Amino acid sequence: MPQELTDAKGRPVVAVTGMGLVTPLGRGVADNWDALTRGRSGLKTVSRFPPDGLRTRVAGTVDFMGPSPYSAYGLSLAMAEAVGEGLLAQAGLDAESGFPGPLFVVTPPSEPEWPQLRALFDAAPATSPETYDDLIEAVRTADHRFADMLPGLVNAAMPDALAERFGTKGCPVSVCTACASGASAIQLAVEAIRRGETQAALAIASDGTVHPEGMVRFSLLSALSTHNEPPEKASRPFARDRNGFVIAEGAAAFVLESWEAAQARGARVLGVVRGCGEKADDYHRTRSRPDGSAIIGAIAHALEDAGIAPDAIDYINAHGTGTPENDKMEYLSLHAVFGDAIHQVPISSNKSMIGHTLLAAGGVEAAFSLMTIATGIMPPTINYDEPDPAIPLDVVPNEARQGEVRMVLSNSFGFGGQNVCLVLSAEPEI
Amino acid sequence: MTGEREEVWITGLGLVSSVGEGGEAHLAHLARGGPPVLDEERFAPYPVHPLPEIDFSRQIPKRGDLRQMEAWQRIGTYAAGLALEDAGIKGEEALLSRTGLIVAAGSGERDTRTDQMVLEAIAGESAGADDSDSEGGGAAKAILPNEILPSELRPTLFLAQLSNLLAGNISIVHKVTGSSRTFMGEEMAGVAAAEIALKRIGHGQDRIILVGGACNGEREDMLLIFELGHNLLRGAFAPVWERQGAHSGFVMGSQGAFLVLEARSHAEARGAKPYARLSGVTSGRCRRAGEGEAAQSAREQFARLARETRDLAPGPLPVLSGASGTRDATREERAFLEDLGRENFDLAVRAFGSALGHGVEAHFPMGLALAALLTREGAFPPPLDESGMERPLSGAPERILVTGFGHWRGEGLALVEPAM
């Protein structure tokens with residue numbers, strides 16, 4: 001392999017040659033990028049179900065696609081299919097024999113949804129008191145009447161449907177690292193290509209779980225913004241009066257391949273994944289170690305994996321959820337790695353506009369990071385009306401900014417101590 | 001690239017199941033040839049292999065940690081602790097901070113009592129509502145979860161529902177923090193966990209990884225999901241190969257199985273003794289549209305495994321089969337194994353699910369762990385049933401094939417050999 005096509009560690013350089021995106025702002029990379037760089041919010045008062053009685057009534061729902069009535073499984077699958085659609089053509093790959101590599105995929109965990117539980121309850125024998133046994137009996141005696149519920153309740157089902165749809169090779173690998181999952185899927189694909197197992201891999205992350213129980217759960221953890229009015233002002237990353245994130249839906253897909261293979265085919269390269277880093281936190285289920293050591297570790301590992309010093313980073317796509325805790329810890333950790341120089345590095349949170357797309361966020365934000373590299377536009381952090389004096393970052397407040405950006409750090413952190421960082425860059429110059 | 005790969009050793013095991021905890025208990029049970037530990041009453045008509053009494057505080061000392069976990073997380077965190085202890089690295093914080101973690105997990109546990117409460121409230125509301133006003137009734141029904149869930153759903157239970165929170169608990173309790181990845185997809189999650197750990201270590205992307213999974217087989221919400229696909233054995237217990245026709249399906253088994261996988265040079269440098277070498281793991285997927293398709297997929301995996309390990313010549317081949325007992329998948333696995341028999345592999349098959357039940361995500365790690373245990377022990381257990389499918393093996397196993405057919409999708413294989 002010619003020297004230029006491997007990185008400093010002698011591994012194949014991994015390029016992105018195809019990219020798909022759905023967020024509350026719309027479908028497709030172009031539409032999303034246009035809205036995002038204009039500072040438009042995709043957040044609305046929930047209309048999918050009556051949010052009465054909930055402390056948080058705003059969310060970033062994807063209402064323009066998916067089945068009716070809504071199901072988390074149906075919407076997540078529809079978005080995953082939408083972002084993967086046309087990627088083979090975009091990457092210039094032969095679609096005849098399907099995608100020439102493995103699938104790394106993120107889908108919401110399977111669980112019974114309330115309309116399903118109600119259907120089972122209604123079919124159950126009337127005993128007093130009714131028990132879960134009755135639901136099981138309804139299923140046992142129902143022959144195949146409830147078979148249409150099955151895909152949503154088998155974790156392998158959505159990955160399998162996507163493997164079938166896009167013709168990926170081998171058994172799909174389904175990963176969950178909570179809100180870092182999208183970045184983990186990319187990382188798994190990069191590692192497989194670096195090992196030389198495959199020249200190409202497809203990474204897809206999708207999450208369409210804005211339903212009452214989903215909102216109640218995060219609300220119970222005091223994680224959600226309660227700035228309900230106006231909804232477009234609900235997500236306020238890095239601002240002094242931020243009080244939580246806004247749950248949202250979205251999906252992203254990437255064709256990743258060895259840069260050598262991409263060049264040999266003359267494919268258009270959208271960017272390069274230079275490095276991936278991770279570090280688990282051992283402090284608390286929903287909070288990070290107060291010294292930030294796990295986040296610091298993930299950032300440092302990503303830089304080290306990319307073979308760069310902090311000063312090579314031109315822009316940071318923040319995890320920036322807008323919870324008091326996250327934004328404070330993200331700043332503290334970045335400061336530990338970059339020193340005071342961090343105050344000069346532009347950093348913005350896409351979540352100010354699209355909300356937190358949860359399992360998909362790492363993917364969605366990697367796509368926006370690559371667009372920043374391609375266009376030189378740094379999307380803004382909107383709703384930044386009142387800076388938090390404790391977080392003196394250049395958050396690209398309220399309006400997008402133009403500048404040369406060759407190297408981006410994209411942060412993803414999740415409950416359960418998950419921290420994954422990606423370093424994305426422009427195509428290396430030969 | 002094959003020649004450059006580093007050998008991967010299994011240097012620690014953590015096992016929990018209905019037959020007890022630790023390697024000795026499992027070896028002794030298998031050597032005795034059963035009988036399986038069953039509870040046939042509690043979830044009738046479904047038998048389950050229940051977890052024995054376990055003092056979780058021995059691996060999870062903080063009560064606060066225990067309170068934050070549901071059963072599947074306790075089982076897994078406990079088994080993970082046993083594996084670290086067994087590998088001699090428990091409490092070695094510097095080493096643990098660069099030890100990787102890969103967990104195979106399913107969906108977390110639901111609070112069935114809360115579900116029931118909401119459903120009953122909805123039913124009560126419907127009974128009182130005017131049926132003609134279906135739209136209004138629908139809205140009222142939709143709001144009920146909003147009213148009930150906030151007061152009934154405990155934050156800890158929500159955390160028990162997050163699939164990656166077994167890994168999160170292992171990081172918190174045992175300080176394993178080099179990395180943390182949770183794979184999903186029922187049985188194939190366990191295969192992917194082992195396969196990716198092996199590749200990462202083999203290619204120098206990692207040096208030491210804790211791999212495994214856990215299953216609480218005594219859960220109504222899980223029985224509901226698996227019964228939806230009519231996957232569960234009903235009525236009288238029968239060993240895996242004796243399950244036939246309508247009397248097919250799996251028997252849930254509470255299990256935790258964790259392995260410490262380690263680069264040979266890393267293990268040698270710290271003077272760790274291996275149980276065995278994990279020589280290869282392969283996986284595949286097919287549509288299972290027709291009879292023979294999954295068997296063919298497994299044959300392809302076997303050919304790949306032979307290429308990758310360069311060590312699968314005909315001769316004696318002990319097999320730890322992860323066959324679940326579901327009709328179609330088990331029929332396919334039987335066809336695959338019978339084919340191997342015709343190719344002059346002298347098979348000694350043991351479907352360990354007959355003894356321990358089906359552990360879903362934990363099942364393949366359990367198979368690997370048992371293979372490692374038996375390899376070091378230098379003995380293979382007697383047949384677990386009288387179907388004729390399982391024949392005795394005399395002498396020490398010189399290699400063990402581990403199979404993992406997903407009950408719905410995926411075919412995985414692994415080869416475990418003595419570490420030289």
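The figures here come from the full heavy-atom set of this structure, side chains too, leaving out hydrogens, waters and symmetry mates. Since the model is a prediction, treat every value here as computed from it, not as a measurement. Letters go in sequence order (proteins before strands), and every chain restarts at 1.
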Proximal component of B/Arg409, with respect to chain A [non-hydrogen, under 4.5 Å]: side chain
Is it true that a side-chain atom of A/Lys279 and a backbone atom of B/Ser97 form a donor plus acceptor pair closer than 3.5 Å? yes
Chi angles and distances behind the side-chain contact (heavy atoms from CB on, under 4.5 Å) call for A/Leu135, B/Leu119: CA-CA 11 Å; A/Leu135 303 187; B/Leu119 290 169; 4.1 Å; yes
Applying a strict 4.5 Å limit to non-hydrogen atoms, the region of A/Ala298 in contact with chain B is neither
Using a 4.5 Å cut-off on heavy atoms from C-beta on, say whether the side chain of A/Leu120 contacts that of B/Leu224. yes
Highest number of heavy-atom pairs under 4.5 Å with chain B: which of A/Ala156, A/Ser174, A/Gly416? A/Ser174
Could you tell me which portion of B/Arg200 (side chain, backbone, both or neither) has an atom closer than 4.5 angstrom to a non-hydrogen atom of chain A? both
Given that the side chain runs from C-beta out, which part of A/Leu153 has a heavy atom under 4.5 Å from chain B: side chain, backbone, both or neither? both
OG (B/Ser163) and CD (A/Glu111) are apart, to the nearest 0.5 Å, by 8.5 Å
Please check this pair: side chain of B/Asn164 against backbone of A/Phe415, looking for a donor-acceptor N/O pair closer than 3.5 Å. yes
Under a 4.0 Å threshold between the charged nitrogen and the carboxylate oxygen, would B/Lys199 count as salt-bridged to A/Glu191? no
Which bit of B/Leu165 is near chain A, if near means a heavy-atom gap under 4.5 Å: side chain, backbone, both or neither? side chain
Against chain B, residues from residues 160-169 of chain A with at least one heavy atom under 4.5 Å, in numeric order, are A/Asp160, A/Ala163, A/Glu164
Nearest 0.5 Å, please: how far is CD1 in B/Ile172 from NE2 in A/His284? 7.5 Å
From B/Ser107 OG over to A/Asn155 CG, what is the distance, rounded to the nearest 0.5 angstrom? 4.0 Å
Checked A/Pro112, A/Pro159, A/Ala142 vs chain B; the most non-hydrogen pairs under 4.5 Å come from A/Pro112
Under a 4.5 Å heavy-atom cut-off, does chain B meet the side chain of A/Thr177, its backbone, both or neither? both
Donor-acceptor contact below 3.5 Å, side chain A/Gln418 vs main chain B/Ser180: yes
A/Cys171 side, atom SG; B/Met188 side, atom CE - distance, nearest 0.5 Å: 3.5 Å
Per-residue contact mode, A/Ala147 against chain B (heavy atom under 4.5 angstrom): neither
More than 12 heavy atoms of other residues, nucleotides or ligands under 6.0 Å from CD of B/Glu93: yes or no? no
Quick one: pull up CD in B/Gln116 and CG in A/Asp133 and give me the separation to the nearest 0.5 Å. 9.5 Å
Return the option, out of A/Pro109, A/Gly417, A/Cys176, A/Gly414, with the maximum number of heavy-atom pairs under 4.5 Å with chain B. A/Cys176
Does a donor on one side chain sit under 3.5 Å from an acceptor on the other, for B/Arg219 and A/Tyr132? no
When you look at B/Tyr46 and A/Ile136, which way does the side-chain contact (heavy atoms from CB on, under 4.5 Å) test go after all the steps? CA-CA 11 Å; B/Tyr46 312 108; A/Ile136 300 173; 3.4 Å; yes
Measure A/Val154 against the heavy atoms of chain B and call it side chain, backbone, both or neither at under 4.5 Å. both
Check the pair A/Val173, B/Ile196 against side-chain contact (heavy atoms from CB on, under 4.5 Å), reporting the backbone distance first and the verdict last. CA-CA 10 Å; A/Val173 174; B/Ile196 288 181; 4.0 Å; yes
Kindly indicate, with the supporting measurements, whether the criterion side-chain contact (heavy atoms from CB on, under 4.5 Å) is fulfilled by B/Gln205 and A/Arg11. CA-CA 11 Å; B/Gln205 291 173 328; A/Arg11 309 168 300 191; over 6 Å; no
For A/Thr107, is it the side chain, the backbone, both, or neither that has a heavy atom closer than 4.5 Å to a heavy atom of chain B? neither
Within a strict 4.5 Å, meaning less than it, do heavy atoms of the A/Arg289 and B/Thr177 side chains meet? no
To the nearest 0.5 Å, what is the distance between CD on A/Glu213 and CD1 on B/Ile148? 12.0 Å
